[in-house]
2 protein chains.
Amino acid sequence: MARKTGSHSEITGPKVREAALSLFAQHGFAAVSMRQIAAEVGVQAGALYLYTKDKQSLLYDLMQAHMDELLAAWRDEPKGNDALSRLEAFARFHIRFHLERPDAVFIAYMELRNLSDENFANVETLRRRYESELEAILRAGQAEGVITAPDVRLTTMALIAMLTGVNTWYREGGRLSRDAVADIYWDMVRGAVGA
Amino acid sequence: MARKTGSHSEITGPKVREAALSLFAQHGFAAVSMRQIAAEVGVQAGALYLYTKDKQSLLYDLMQAHMDELLAAWRDEPKGNDALSRLEAFARFHIRFHLERPDAVFIAYMELRNLSDENFANVETLRRRYESELEAILRAGQAEGVITAPDVRLTTMALIAMLTGVNTWYREGGRLSRDAVADIYWDMVRGAVGA
DNA sequence: GTCTATATGCTGATAGAC
DNA sequence: GTCTATCAGCATATAGAC
């Protein structure tokens, strides 16, 4: 049965990652100390090293987990067959997924330069894999003749920047619901690709 | 005439700001030490405090100067009279101005959380002033009946995010010239607002 | 105007007691 | 599994010599 002292590894591990996520998003990776993370979890600084090799791994694990979840969630998202309904599915999915985890999104964009070279390359690979999902939809749309994109790669980057931008201003309980925002953004996406 | 030793304040001051700009953009404000900045300038750390009150002021001065330049440059930019040509002028201006100073743009977006409360509020005021320039154009376009924007504030944020996003992928000497990029983005902006 | 030297405090990470 | 204690190093900022 339950032990009285010490062993909380199944609880403490996730708590460490949650605390790091929140603190990194608020103050930035470089500005957060291991002691701050430990205090947030309710342990001493030394105890963190039972759950992470070092501070760098803590950051990398958060970013990799985020990108893995993103790719898996899009893989499992219901999508239509034609390019236009796939594009709509992507736009709505991207907004929803990103609004659901603002801290992880913020870190994934802001802390890339604090990754080691190897870790950076791995995260970049995952990011490009996600971008290429949208790119493929746009190419299909062009082949079907339902959209206009003079440069698919460039349109991909423009649309992702526009959609991700929602995170910078959206506030829960604000003027517009998430669905209302997604409706308007989908209209703008459609217009931007001439559909 | 020219003194032999010491007095280089007219040179060193700007050099300090240039070095800080470059290093903050590369590694992040919190990760850069005053010693690193001093080394880049070619002086000892203590000498920096002749040119800045402290590290925080160094960051704030860079961001404020950037926003001031942005607003002044847009004010002086030639613009048409009708809303549609003003919108085109804004889109092309925004891309050009931001591509010309990637480091300052990067810092202005990434280091907001490292500003003191008061400094943050000041920078935010300037940023909103710039956003409201685009907002006014969109409202005029609606009044003229040449664009469709179900929510002007939201469209403002979407367009700015899309346009600023160019900085994340554009590389000098790449596949497309700045003008070619601006042409394509202007098409997307026009489509997004149904013009 | 710039230097050296220094005060004071926090950093990441480890060793060993319990 | 967590704690305390500690190491070695670097941080910002200042004081005073030149």
Side-chain angles (χ1 to χ4, degrees), chain A residues 1-24 26-63 107 111 113-119, chain B residues 1-21 23-24 26-62 107 111 113-119:
Chain A
M1 325 310 182
R3 277 177 287 174
K4 277 279 169 58
T5 62
S7 60
H8 300 99
S9 76
E10 292 133 27
I11 299 178
T12 307
K15 274 176 76 174
V16 168
R17 283 184 288 279
E18 279 165 39
L21 186 79
S22 163
L23 287 169
F24 289 167
Q26 239 181 303
H27 308 291
F29 174 76
V32 172
S33 71
M34 295 298 270
R35 280 168 179 78
Q36 278 177 273
I37 299 171
E40 182 86 7
V41 174
V43 298
Q44 293 299 313
L48 294 180
Y49 292 88
L50 296 166
Y51 305 99
T52 182
K53 191 175 141 293
D54 53 21
K55 201 185 169 192
Q56 166 73 207
S57 302
L58 200 44
L59 176 62
Y60 175 62
D61 288 348
L62 291 174
M63 293 181 63
I107 291 172
E111 303 297 354
R113 62 188 166 184
N114 285 309
L115 289 174
S116 70
D117 289 350
E118 189 189 343
N119 290 343
Chain B
M1 331 307 187
R3 278 176 288 175
K4 276 280 171 51
T5 60
S7 60
H8 300 98
S9 77
E10 292 134 28
I11 299 178
T12 308
K15 274 176 75 175
V16 167
R17 283 185 287 279
E18 280 166 40
L21 187 79
L23 287 169
F24 289 167
Q26 239 181 304
H27 308 290
F29 173 76
V32 172
S33 71
M34 295 298 269
R35 281 170 179 79
Q36 278 177 274
I37 298 171
E40 182 86 7
V41 173
V43 297
Q44 294 298 314
L48 295 179
Y49 292 87
L50 295 166
Y51 305 99
T52 182
K53 193 175 139 295
D54 53 20
K55 199 186 170 192
Q56 165 73 206
S57 302
L58 200 43
L59 175 62
Y60 174 64
D61 289 348
L62 291 174
I107 290 172
E111 304 296 355
R113 62 188 165 184
N114 285 309
L115 290 174
S116 70
D117 289 351
E118 188 189 344
N119 289 344

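The model shown is predicted, which means the values in this text are computed figures rather than measured ones. Letters A, B, ... mirror the listed sequences (proteins, then strands); counts begin at 1.
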A/H27 atom NE2 is separated from C/dT11 atom P, nearest whole Å, by 12 Å

- Within this structure, what is the CD-to-P distance between B/Q44 and D/dA13, rounded to whole angstrom?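 Rounded to the whole Å, the gap is 17 Å.
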
Before giving the answer on side chain to side chain contact (heavy atoms under 4.5 Å, CB included), spell out for A/Y51 and A/R17 the whole-Å C-alpha distance, their side-chain angles and the decisive distance to 0.1 Å.
-> CA-CA 9 Å; A/Y51 305 99; A/R17 283 184 288 279; 5.6 Å; no

Exercise. Phosphate oxygens OP1/OP2 of D/dG1: is one of them under 4.0 Å from a side-chain N or O of A/T12?
Worked result: no

Under a 4.0 Å heavy-atom criterion, the protein footprint on nucleotides 12-18 of chain C, written with B, S and -, is BBB----

Worksheet item: Are B/R113 and A/E111 within salt-bridge range, i.e. N to O under 4.0 Å?
Response: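 A salt bridge links B/R113 with A/E111.
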
Heavy atoms of B/L21 and B/I107 approach each other most closely as O-CD1, 3.3 Å

Between B/E40 and B/L23, the two heavy atoms sitting closest are CB-CD1, 4.2 Å

Rounded to the nearest 0.5 Å, the CG atom of A/L58 sits from the OH atom of A/Y49 at a distance of 9.0 Å

